S.K.: 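So that we are looking at the same thing, I have put the structure below in C-alpha cells.
Predicted model only: the values in this text are computed from it and were never measured. Within every chain, numbering begins at 1; the chains are lettered A, B, ... in the order of the sequence lines, protein sequences first and strands thereafter.
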Amino acid sequence: MSSVDRSFQDDESPALVRNGVLIASAIAIIIGGFWLLAWLSGAAPRWSAAGTLTMKTNAGVSALLAGITLLLLRTSRISNARRYIAMTAAMLVFFIGALTLSEHLFHFNIGIDQLLAKEAPGAFATASPNRMGPPASLSFTLLGAGLFCLAWSRRSIAVLLGASVCLIICVPALGYLYGIAALYERNVSAIAWPSVVALLSLGTGLIFVCRDTGPMRLALRDDAGGDLVRRMLPVTLLLPILLGYLRTVGESAGLYGPSLGRALLVTALSGISTTLLWRSGSRLSRAATAQKEAMKELADSERRYSTLFESIDEGFCVIELLFDQSGKPHDWRYLEINPAFSKHGAIPVEVVGKTVREAIPDLEPRWFEMFGKVALTGESIRYVEKSEAMNRWFEGYALRIGQPQDHKVAILFNDVTERKRAEEALRESEQRLRLAAEGVDMGLWDLDLATKVATRTLRHDQIFGYDEFQPVWTLEIALQHVLTEDRPAIAEAYAVATKTGKLFHESRVRWPDGSIHWISARGRMHYDAQGNAVRVAGVVFDITERKQAETALRQSEQRYRELAEELELRVRERTAQLQLANKELEAFTYSVSHDLRAPLRTLDGFSQALLQSSDAFDAKARHYLERIRVATQRMRSLTDGFLQLSRMSRTDLQTGNVNLTEIAETVVEELRTAEPQRNVEVHVEPGMRAVGDPRLLGAVLQNLIGNAWKFSAGRHPAVIEVGTMNHGSESTFYVRDNGAGFDMEHAEKLFTPFHRMHNEAEFPGTGIGLATVQRVIGRHDGRVWAEAAPNAGATFYFELPQNQLKATTLDDPGTQGNDPAR
Amino acid sequence: MILLVEDDPDHVELALLALEKHNLSDKVLVARDGSEALEYLDRPELPKLVLLDLKLPKVSGLEVLKRIRAQQRTRFLPVVILSSSDEESDILRSYELGVNSYIVKPLELDNFTDAARHVGVYWLTLNKTPMGAK
C-alpha cells in the first residue's frame with residue numbers, strides 16, 4: 001500500500017527534482033568516466049606532468065560508482081538485486097574514500113593510489129603520486145556512507161551526509177570561483193575542479209533523492225512554508241556567491257577598491273534580500289488572508305452542514321467499517337448520527353461509539369458486505385433492503401468519506417417499512433385479484449385514454465389468441481383483431497361509455513391462427529379532478545362457448561318448433577281421419593241397428609201371428625215359438641241400446657240448467673207405474689241442479705236409477721237414494737241402492753259396452769246402460785265411478801263441472817276410449 | 001181406401017194382417033216404392049189416407065211427402081208416416097214437410113194391430129178433410 005502511495009508521489013514530484021537527480025548522476029558518471037579513461041589512456045599523466053591539477057584515478061572511479069549508485073537508487077521502487085548492487089557500489093566508494101583519507105591522516109601508502117594508473121612523482125599539489133586530495137577522500141567517504149544509508153532506507157542520515165559533502169566542497173568551489181588558490185591548491189586542501197563539480201552534483205543529488213525527508217520534504221510541501229523555501233533557497237544560496245563573484249571580478253578589473261567593494265556587496269545583499277523578503281512576506285500575508293477566508297467559509301459550510309445534518313428528515317450516520325484478520329468486514333462502529341437517525345434506525349441515540357453488533361447482535365452479514373464494499377472501493381451505492389433482524393425496510397445512499405484507509409462510510413437513509421408494507425399489501429391484493437381473474441378465465445385491462453396504451457394480464461392476451469405476453473397493446477391493436485363488421489359496435493360502445501361511464505360490448509375477434517372467437521368486454525371510465533375521462537379499465541371474457549351454445553340452442557329450438565308443428569299437423573290429420581272413421585262407424589252402427597229392426601219386426605210379427613192364428617201347434621211347438629219371440633225382443637233391446645248409445649254421441653249438447661231432482665222423480669214414477677208390485681223406498685234429495693244437456697242427463701238418471709231398481713229386486717224393502725256431495729268447484733251426484741252390488745275386482749270393465757256383471761237369467765240387461773252414462777258424463781267433461789261390494793249394494797257417483805257451458809259434439813275426444821263403437 | 005207405401009213385403013203382409021182384423025184390408029192399395037206411390041196418386045181417385053214408410057227405393061218417403069204437399073190436388077191428403085225410425089231428425093223433418101201424424105212401427109204384432117186400428121178408425125171415419133181434397 002505504501003509503495004503504491006510513494007509511486008503516486010513520485011509522479012507528483014516536480015520535473016526539476018526528478019530530472020535533478022538524473023542530471024547529478026549523469027554529471028558524476030561523465031566526469032568520473034572521462035578521467036578514468038584519461039588515466040588509462042595515458043593522457044592524464046601527461047597533463048599532470050605539464051603541471052595541471054588533475055582529478056586522480058581513484059576519484060574518477062569513485063565518482064563513476066557514486067553516479068551509478070545514485071542512478072540506481074533514483075526511484076524508491078527497486079528490486080532487491082538492484083538494491084544490493086547499489087549497496088556494494090556505495091561501500092566501494094566509502095572504502096576508497098576512507099582508505100585514501102587514512103593514508104593522508106597516518107602518512108603511509110597502502111598502494112591503492114597507483115593501482116589502476118601511474119603518475120610521475122612531483123605532480124602539482126599532490127601529496128603522493130596519483131593520490132586524491134584530503135577534501136575529496138573525506139567527501140567520497142561521507143558520500144559512500146550516505147548512498148549506503150539511502151540503499152538501506154536510512155534516509156535522514158543519507159540527507160545529512162549529502163549536506164555535509166556539499167558544505168565541505170563549498171570551500172574549494174568558492175576558491176575556484178573567487179580565484180583564491182589557497183582554498184584548493186595547498187596540500188591539505190588540494191582538489192581538482194572536476195572533482196569539485198562531481199562531488200557537488202552527487203551531494204545535491206543525494207539531498208534531492210530523499211524527497212520525503214529533510215529539506216526536500218519541506219521544499220516540496222504545498223503550503224506557505226514550502227513555497228517560501230522554494231522561492232528563497234536559490235536566493236539565499238546563490239545570491240551571496242554571485243555577488244561575491246561580481247565583487248571579485250570588479251575589484252580585479254580595478255573598478256573599485258576593497259572597501260568600496262565590501263560596501264557595495266553588503267548594500268546589494270541587504271537590498272536584494274530585503275526586497276525578496278518583502279515580496280515573500282506580502283505573499284504569505286495574502287495567502288494567510290485567503291486561508292482565513294477559506295476557514296470562515298469552511299466554518300459556514302460546516303454550520304450549514306451541521307444544520308442540515310440536525311434537521312433533515314432522513315437518517316444520517318457516519319460509520320467506520322471494522323475488518324477481521326482475513327480482511328473481511330464483520331462489523332462497524334457508529335461515529336456520528338443525526339437526530340433523525342433514531343427515528344429511522346430504530347436504534348437508540350447512545351449507539352454512537354458503539355458497534356452495530358452491540359446494538360443489533362443478529363444483523364444480517366450482507367449489510368457488512370455492502371458497506372464494506374463501499375469502504376474498500378469508494379463506489380457509492382443506493383440500496384433498498386430489508387433487515388429481517390429489525391423487521392424493517394431501509395432505502396438509502398452510502399458513500400465513502402475521508403481517507404481510504406479510514407474506512408469511513410456516510411449513510412443517508414429512510415425507514416420505508418410502511419411504504420413497503422403498503423406496496424406489498426397492494427401487490428398482494430393485486431395478485432389476489434389477478435389470481436381471482438385468472439381463476440374465472442377473466443382477462444384484466446387498463447387503457448390509458450391519452451396514450452391509448454393498455455396494461456393488462458396474460459389472460460387478456462390469451463383471449464386475443466397469444467400464448468405469450470405481448471410487448472405492447474393499444475386500442476388500435478385490439479381493434480385490428482376485431483372483425484370489420486363488429487368494429488362500429490365497439491365505437492358505439494365507447495361513445496356510450498363516455499356518457500354513462502360504463503363500457504360493454506360483445507364482439508368477434510380473429511386470432512393470429514385465423515380462428516374466430518367471441519369476446520365480451522366490460523369496463524368503467526376513470527376521471528381526473530376536472531372530470532375528464534383519463535382511463536378505462538375492466539375485464540374481458542372469451543364467450544365463444546356460450547355463443548356457440550346459444551346458437552345451438554336456437555337451432556335446436558327451431559328444430560323443436562318445426563317438429564312440434566309437424567307433429568301438430570300430423571295429429572290434426574290423424575284426428576281428422578279418426579273423426580271421419582268415427583263418423584263412419586257411428587253411421588254404420590246406426591244404420592245396422594236401424595236396418596236390423598225391420599227383420600226383427602218381421603220375425604216377431606210372424607211368430608206371434610203363428611201363435612194366435614192356429615191351434616195346430618202342440619205345447620212344444622208353442623214353447624219354441626215363445627223362445628223365438630224372447631230372443632227377438634232381446635235383440636230388439638240390444639239394437640235400441642246401440643241406437644241410444646250412438647245418439648248420445650251424435651247429437652249436439654243443448655246446455656242449460658237442469659233440475660235433476662225433478663228428472664229423478666219422473667224416472668222413479670215411471671218405474672213404479674211399470675212395476676207397481678215392487679216395494680221400493682226412494683229418497684230423492686230436493687233441489688239438485690246441474691248445468692248440462694237435459695235430455696242426456698235424463699238418460700243418465702234413467703239408466704242409473706233403472707239399474708238401482710233392477711238390482712235391488714231381491715231386497716225387502718229395497719232402498720234407493722239419489723243425492724249430492726260437494727267437492728269444491730264440482731258437484732258430485734250419486735245414486736245408491738242396497739241391491740246385489742258387485743265385486744270391485746271387475747270394476748274396471750264396468751263401463752265397457754255389453755260388459756255385464758250379472759248373468760242374464762238373474763238380471764236381464766244389454767250392458768249398454770252404463771256405457772251410455774259414461775259417454776254422456778264424458779261429453780260434459782265430468783267423471784263417473786262406482787263403489788260396490790257383492791250383496792252389499794252399489795253407489796254410482798258422477799261429477800259435473802259447475803259452469804260447464806261448453807258445447808261438445810261427436811268430434812270431441814272427451815268421450816272415453818273404452819267404447820267399442822268408436 | 002188406404003195407400004200403403006212399403007217396400008218390405010213382410011211388413012206389407014203384417015200390416016195387412018193387422019188391418020184385416022179390423023176389416024180394413026180390402027180397401028188397401030200397396031205401393032212398393034216411392035215412384036209407384038206417386039203413380040197411384042196421379043189416378044183420378046185419391047185414397048183417403050196414405051201410410052208412408054220413410055226408407056223407400058227410388059223416391060224416398062220424405063220426397064213423396066214433399067210432392068204430395070206440393071200438388072194442389074193432394075196437398076190436404078192425410079199422410080201418416082209409419083216408420084221403424086224413432087230418430088228425432090226424421091220426426092222433425094216429416095212435420096216440417098207437413099205430415100199429419102208420425103207413428104213408430106211397434107215391434108209387437110198386437111201393438112201394431114192396435115195402432116192400425118186406431119189409425120184406420122181415426123183417419124177414415126172420424127177425421128174430416130176439406131171437400132176439395134176429394
S.K.: Does the distance from a Lys or Arg side-chain N to an Asp or Glu carboxylate O, for B/Arg67 and B/Glu63, drop under 4.0 Å?
M.R.: yes

S.K.: Is the closest side-chain heavy-atom distance between B/Asp90 and B/Ser83 below 4.5 Å?
M.R.: no

S.K.: What distance separates B/Leu19 CG from B/Arg117 CZ, expressed to the nearest 0.5 Å?
M.R.: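 That separation rounds to 12.0 Å.
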
S.K.: Roughly how far, to the nearest 0.5 Å, is CD of B/Glu39 from OG of B/Ser35?
M.R.: 6.0 Å

S.K.: Strictly less than 4.5 Å between heavy atoms, which residues of residues 1-13 of chain B line up against chain A? Please order them by number.
M.R.: B/Asp8, B/Asp10, B/His11, B/Glu13

S.K.: Which donor-acceptor pairs under 3.5 Å do the side chains of residues 668-679 of chain A make with protein atoms, sequence neighbours left out?
M.R.:
unit_1: A/Glu670; atom_1: OE1; unit_2: A/Gln702; atom_2: NE2; d: 3.3
unit_1: A/Arg672; atom_1: NH1; unit_2: A/Val680; atom_2: O; d: 3.1
unit_1: A/Arg672; atom_1: NH2; unit_2: A/Val680; atom_2: O; d: 3.1
unit_1: A/Thr673; atom_1: OG1; unit_2: A/Glu669; atom_2: O; d: 2.7
unit_1: A/Glu675; atom_1: OE2; unit_2: A/Trp709; atom_2: NE1; d: 3.0
unit_1: A/Arg678; atom_1: NH1; unit_2: A/Trp709; atom_2: O; d: 2.8
unit_1: A/Arg678; atom_1: NH2; unit_2: A/Trp709; atom_2: O; d: 2.9
unit_1: A/Arg678; atom_1: NH2; unit_2: A/Ser712; atom_2: O; d: 3.3
unit_1: A/Arg678; atom_1: NH2; unit_2: A/Ser712; atom_2: OG; d: 3.2

S.K.: Check whether any side-chain heavy atom of B/Leu54 sits under 4.5 Å from a side-chain heavy atom of B/Tyr102, and report yes or no.
M.R.: yes

